[in-house]
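These notes concern the structure reproduced below.
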2 protein chains.
Amino acid sequence: MAAKHVKEMEALKEHLGKHQLKLTRQRELILNAFLRQEHITAEAMYHQLAKSDPHLGLATIYRTLNLFCDAGLAQARHFGSQTQYDNIAHKGHHDHLICTGCDKIVEFENCDIERLQEEVATQNGFIIKTHRLELYGLCSRCRH
Amino acid sequence: MAAKHVKEMEALKEHLGKHQLKLTRQRELILNAFLRQEHITAEAMYHQLAKSDPHLGLATIYRTLNLFCDAGLAQARHFGSQTQYDNIAHKGHHDHLICTGCDKIVEFENCDIERLQEEVATQNGFIIKTHRLELYGLCSRCRH
DNA sequence: ATCATTTTGAGACAGCTTATCAATTTCAAT
DNA sequence: ATTGAAATTGATAAGCTGTCTCAAAATGAT
Ligand SMILES: [Mn+2]
Ligand SMILES: [Mn+2]
Ligand SMILES: [Zn+2]
Ligand SMILES: [Zn+2]
């Protein structure tokens, strides 16, 4: 089988090189598992990986997912009580619609909103670095 | 001096009446302190009120601020690690610009953004109940 | 004034995440 | 290939924020 996630692996290696960090078996393993998801919590990944690697520690998962955030591959989001690590490696920025009935998460992107956000910021003398937009409601199925 | 926050006090009393809850010295005290703020954490209010009421418990502050949320006077927001209780008693809905340099928070409201949010939701079959929009960046002073 | 019901305060507890640290692994320099 | 300084790991302790517990106190309808 062909190598997976080559581009993201390269991005990670570049970040590691720039910061005197090392490439470990665990980091490779977690990267491959992470890139298969859209959003995932550290706990969920811990249980998922425990099947093949029972001794992979939860702290390592947290550390590594936070590393991915630093490397620009992931982004931490706080939808509920647990942090969701969002795979932005090949998707770039986006926002979310969240169903409070079934926890379904839909990703979206809207240039008009983003433009208006810039406008609001400028009017107030701010320069935006990041933003968070989450729409909570009911999806079509949960509305009966 | 004249009575303060009469209207909000009435709103609280109405909520209490509807839910078989009682009006206590603590609830009055916390309401008056809360309405003087724009946003505040439970801890901050705890320390602030400790000066005049050293035996007011932190749990009571949390309980009471959550009660205010139920009564529609406050709204819980999660800007950082601690929950900020937002005074919406006479302001209604709004979103926030947050300076990552000095933690300044500017409130704003933008109908165009709200309308586009509805549009996005409709396109995806959702009906929005609430939303959260936070713009993080640097204010004019922090930008040098 | 009585008294069932609600509230309070103090601290225990819980959920999630990070810190600690000895043992192990990586990797650049021999 | 071997060495060894530096980084990483895994297990678990600790931290932080917020809620729960429960006996004592306060409230308010009667
Ligand atoms: Mn996403
Ligand atoms: Mn506000
Ligand atoms: Zn749903
Ligand atoms: Zn600032």
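Throughout, protein chains are lettered first and strands after them, A, B, ... in sequence-line order, and every chain is numbered starting at 1. Side chains are part of it too, since the values below use all heavy atoms of this structure and drop only hydrogens, waters and symmetry mates.
Ranked by how close their nearest DNA chain D nucleotide is to the 5' end, B:Y85 and A:R63 are led by A:R63. With DNA chain C read from its 5' end, the first of the two nearest nucleotides for B:L58 and B:Q20 is the one closest to B:Q20. Comparing B:Y46 and B:H19 by the nucleotide of DNA chain C whose heavy atom lies nearest to each, the residue mapping closer to the 5' end is B:H19.
Within 4.0 Å of A:Q26, counting heavy atoms only, lie sugar-phosphate atoms of the nucleic acid but no base atom. In this structure, A:D53 reaches neither bases nor backbone, as no heavy-atom distance under 4.0 Å exists between it and the strands shown.
Residues A:Y46 and A:G57 come closest through the heavy atom pair CE1-C, 4.0 Å. For the pair A:Q75 and A:I88, the tightest heavy-atom approach, listed with the atom from each and the gap, is OE1-CD1, 3.2 Å.
Distance, B:L56 CG to C:dT8 P: 9 Å, rounded to whole Å. As a whole-Å value, the separation of B:I61 CD1 from C:dT7 P is 16 Å.
Salt bridge annotation for B:D53-B:R25: present, with a cationic side-chain nitrogen under 4.0 angstrom from a carboxylate oxygen.
For A:L23, the listed nucleotide lying nearest its side chain is C:dC27; candidates were C:dC16, C:dT7, C:dC27. The side chain of A:Y62 sits closest to C:dT18 out of C:dT6, C:dG9, C:dT18.
Two rings, from B:H96 and B:F79, have their centers less than 6.0 Å apart. Remark: aromatic rings of B:H131 and B:H93 are close, center separation under 6.0 Å.
Under 3.5 Å, the side chain of B:K22 and the base of C:dT5 form at least one donor-acceptor pair of N or O atoms.
For DNA chain D, the outermost nucleotides in 5' to 3' order that have an atom under 4.0 Å from a heavy atom of chain B are D:dT17 to D:dG28.
Judged purely by distance below 3.5 Å, without hydrogens or angles, the side chains of B:H94 and B:D86 pair a donor atom with an acceptor atom.
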